[in-house]
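See structure below.
Only this structure's heavy atoms are used, side chains among them; waters, hydrogens and symmetry mates stay out. Along the sequence shown, the residues carry numbers beginning at 1.
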Amino acid sequence: MKSWGWLALLLGALLGTVWARRSQDLHCGACRALVDELEWEIAQVDPKKTIQMGSFRINPDGSQSVVEVPYARSEAHLTELLEEVCDRMKEYGEQIDPSTHRKNYVRVVSRNGESSELDLQGIRIDSDISGTLKFACESIVEEYEDELIEFFSREADSVKDKLCSKRTDLCDHSLHISHDEL
């Protein structure tokens, strides 16, 4: 009878490890997809477009503390993007790396809405995957909204690695995951 207890404990520990790795793969993939989507959206904004930031109150000397900042990386634009970005997770599928057996999430619909030119071999596409990825994305946005706005308002280089791996530990298993953009 004692051997059953040890077997159950060992099986529970093994299943817990597998679940933790899948959860980490999911959250890392969601973070990387989220960053890709935000970077693409920011790049679509005319760099000349600006927005006035600051106080619209008149100071005692008659001046105002208003400055113009680039709209693409403004807090207002980033907040607007964060409200809708997770809806794009339905455009991703799941791919399992044959050597590491880790899950990666890849875009299965091109930015122009066509999927005919994409090689979808080995990629699982279904509503469960996109729903789970969307939920993970929403959780990340909710928990790390301030960090996302801070990084995207200032950083332009290696945001994916800095945010998903170093700042949040969502991808602490590796800094080398490739996440191809279409």
- Query: In terms of side-chain geometry, is the basic nitrogen of D97 or R102 positioned less than 4.0 Å from the acidic oxygen of its partner?
  - Reply: no

- Determine which pairs satisfy salt bridge (Lys or Arg N to Asp or Glu O under 4.0 Å) with at least one residue from residues 138-149, sequence neighbours left out, and list them in order. K134-E138

- Nearest heavy-atom approach of A30 to I140 is CB-CD1, 3.8 Å

- Going through the distances and angles, do C28 and C171 end up as a disulfide (SG to SG under 2.5 Å)? CA-CA 5 Å; C28 177; C171 296; 1.9 Å; yes

- Item | Polar side-chain atom of S165 near backbone of K162 as donor-acceptor pair, under 3.5 Å | no

- Note on the structure: So NZ of K160 and CZ of F151: to nearest 0.5 Å the spacing works out to 14.5 Å

- Quick one: pull up CG in N104 and CD1 in I96 and give me the separation to the nearest 0.5 Å. 9.5 Å

- Taking it one step at a time, do V35 and F152 satisfy side-chain contact (heavy atoms from CB on, under 4.5 Å)? CA-CA 9 Å; V35 170; F152 280 100; 3.8 Å; yes

- Task: Output yes when a side-chain donor or acceptor of T168 lies under 3.5 Å from a complementary backbone atom of L163, and no otherwise.
- Result: yes

- Item | For L78 against R73, the heavy-atom pair lying closest together | CD1-O, 3.7 Å

- Residue pair D161 / R32, side-chain heavy-atom distance below 4.5 Å: yes

- Item | Which atom of V108 lies closest to which atom of G93, heavy atoms considered | CG1-N, 3.6 Å

- For G29 and L133, the nearest pair of non-hydrogen atoms, with its separation, is C-CD1, 4.3 Å

- Query: Quick one: does L148's side chain get under 4.5 Å of L34's, heavy atoms only?
  - Reply: yes

- Item | side-chain contact (heavy atoms from CB on, under 4.5 Å) between V85 and E41, intermediate numbers included | CA-CA 9 Å; V85 69; E41 287 291 337; 5.9 Å; no

- Does any pair with a residue in residues 43-54 pass salt bridge (Lys or Arg N to Asp or Glu O under 4.0 Å), and if so which ones, sequence neighbours excluded? none

- Message: Using a 3.5 Å distance criterion without hydrogens, assess whether the side chain of H27 forms a donor-acceptor pair with backbone atoms of S23.
- Response: yes

- Test side-chain contact (heavy atoms from CB on, under 4.5 Å) on Q44 and R111 and set out the steps. CA-CA 11 Å; Q44 300 311 300; R111 300 276 184 211; over 6 Å; no

- Would you give the length of the straight line joining atom OH of Y92 to atom OG1 of T132, rounded to the nearest 0.5 angstrom? 16.0 Å

- Task: Indicate yes or no: at least one non-hydrogen side-chain atom of Y144 is less than 4.5 angstrom from one of L170.
- Result: yes

- Message: Within the structure provided, determine whether L26 and K103 are in side-chain contact (heavy-atom separation under 4.5 Å).
- Response: no

- To the nearest 0.5 Å, tell me how far L81 CG sits from E39 CD. 12.0 Å

- Task: Decide yes or no on side-chain contact (heavy atoms from CB on, under 4.5 Å) for H77 and V45, but give the supporting numbers first.
- Result: CA-CA 10 Å; H77 183 237; V45 176; 3.5 Å; yes

- Task: Considering only NZ, NE, NH1 and NH2 on the basic side and carboxylate oxygens on the acidic side, decide whether R107 and E37 come within less than 4.0 Å.
- Result: yes

